[in-house]
Undergrad: 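Take this structure, written in structure tokens, and hold onto it; I'll ask about it next.
Atoms within each ligand, like the ligands themselves, are counted from 1 in listed order. Residues take their numbers from the sequence shown, with the count starting at 1.
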Amino acid sequence: MFARFATTTLRQAASRQGPALAARAMSTSSNQATRTLAGRFGVAAATAAAVTLGYTVYSAQKPNAVIYADNAIPIHGVPGTSKERTFIAVKPDGVQRGLISDIIARFERRGYKLVGLKLLVPSKALANEHYADLSKKPFFAGLVDYMTNGKAPVIGMVWEGPAVIKQGRVMLGATDPTAAGPGTIRGDYCLTIGRNICHGSDSAESAEKEIGLWFGGKGEIVNWTANNDEWVVSDN
Ligand SMILES: Nc1ncnc2c1ncn2[C@@H]1O[C@H](COP(=O)(O)OP(=O)(O)OP(=O)(O)O)[C@@H](O)[C@H]1O
């Protein structure tokens with residue numbers, strides 16, 4: 001009964017007043033709910049109910065999003081802040097050529113934080129959706145086959161940090177490796193556009209779409225604090 005009341009209140013807040021008010025309402029109402037439930041059923045039940053309520057509110061606003069109850073950051077991060085996130089992939093040619101560790105190392109050394117990582121052979125449906133904007137191109141079928149035929153897997157990653165979407169693209173280098181400068185991943189390691197070993201989201205919209213597409217299972221993105229954040233992402 002109480003949970004239904006709280007959920008309804010929060011849904012109304014989410015739809016009428018937007019995310020900020022919903023988040024405030026969620027925090028106030030779920031604190032009340034948590035205290036009531038904790039008194040009656042114990043702390044574990046109260047905690048589970050509070051997490052469910054939080055997820056319900058966010059889902060009502062944005063059905064495909066996954067958030068974490070601890071800090072309510074969407075899995076695609078917060079563009080324009082130190083929590084900006086991008087999707088970076090090592091494509092099958094990069095995996096075959098043993099370049100995974102080098103690509104990861106470049107992002108790590110720069111100071112970016114790895115918050116999602118998986119190795120998979122993507123389905124055709126996933127590759128089709130990922131490259132949907134290229135579906136009319138003559139190379140589309142070959143591109144999807146190269147990504148999905150299983151001759152090597154893909155490494156999917158989510159990296160976090162200031163300006164990581166733009167800087168990730170800079171680090172990758174031009175899509176066509178013949179135009180990629182030295183010091184970039186493509187400029188250092190590849191020669192042709194069909195085998196350019198890596199991918200990076202090209203905008204905040206793409207990052208949101210791609211992170212949601214490749215990740216999104218519960219627990220696949222981890223919010224964590226690096227011990228050296230003070231030395232890497234602080235402002236004076
Ligand atoms: N002319 C082409 N011939 C073959 N493959 C191509 C061609 N143009 C693009 N591709 C492939 O399609 C991918 C996506 O192309 P797009 O134009 O979206 O560039 P991009 O966004 O820089 O690349 P990516 O999405 O891989 O980072 C390229 O990385 C490349 O693998």
Undergrad: Test your reading of the structure: does K91 have an N or O sitting under 3.5 Å from an N or O of ligand 1?
TA: yes

Undergrad: What do you reckon, does D133 have a nitrogen or oxygen under 3.5 Å from a nitrogen or oxygen of ligand 1?
TA: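 No: no nitrogen or oxygen of D133 is under 3.5 Å from one in ligand 1.
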
Undergrad: As a check for students: among Y131, F139, F87, identify the option with a heavy atom nearest to atom 2 (C) of ligand 1.
TA: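 Looking at heavy atoms only, the winner is F139.
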
Undergrad: Tell me whether Y146 reaches ligand 1 (any heavy atom closer than 4.0 angstrom to a ligand atom).
TA: no

Undergrad: Please set out all donor-acceptor pairs under 3.5 angstrom arising from side-chain atoms of residues 126-141, sequence neighbours excluded.
TA:
{"from": "N128", "atom 1": "ND2", "to": "K124", "atom 2": "O", "distance (Å)": "3.2"}
{"from": "H130", "atom 1": "ND1", "to": "W214", "atom 2": "NE1", "distance (Å)": "3.1"}
{"from": "S135", "atom 1": "OG", "to": "A132", "atom 2": "O", "distance (Å)": "3.1"}

Undergrad: Should R169 be listed as contacting ligand 1, given a heavy-atom distance under 4.0 Å as the test?
TA: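 For ligand 1, residue contact (heavy atoms, under 4.0 Å) with R169 is present.
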
Undergrad: Which ligand 1 atoms are under 4.0 Å away from a heavy-atom of N196?
TA: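 Near N196, meaning under 4.0 Å from one of its heavy atoms, ligand 1 has 28 (C), 29 (O), 30 (C), 31 (O).
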
Undergrad: Could you tell me if any non-hydrogen atom of M147 lies under 4.0 Å from any atom of ligand 1?
TA: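 Contact absent.
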
Undergrad: Just let me know how L172 lines up against ligand 1, side chain, backbone, both or neither, with a heavy-atom cut-off below 4.0 Å.
TA: neither

Undergrad: Out of all atoms in ligand 1, which are within 4.0 Å of some heavy atom of L134? Include the element for each.
TA: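 Answer for ligand 1: 12 (O), 14 (C), 15 (O), 18 (O).
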
Undergrad: Given T192, T175, I193, which one has a non-hydrogen atom that is nearest to atom 22 (O) of ligand 1?
TA: T175

Undergrad: Answer with yes or no whether C198 contacts ligand 1, where contact means a heavy atom under 4.0 Å from a ligand atom.
TA: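 Yes, that is the case, since the closest heavy atom of the residue is under 4.0 Å from the ligand.
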
Undergrad: Quick check on K137 - does any of its heavy atoms sit under 4.0 Å from an atom of ligand 1?
TA: no

Undergrad: F107: which residues meet the ring-ring contact (aromatic ring centres under 6.0 Å, His included) condition with it, sequence neighbours left out?
TA: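 Checked F107 against ring-ring contact (aromatic ring centres under 6.0 Å, His included); matches are W159.
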
Undergrad: Using a 4.0 Å heavy-atom threshold (strictly under), name the region of E210 that reaches ligand 1: side chain, backbone, both or neither.
TA: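 It is neither part, as no heavy atom is under 4.0 Å.
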
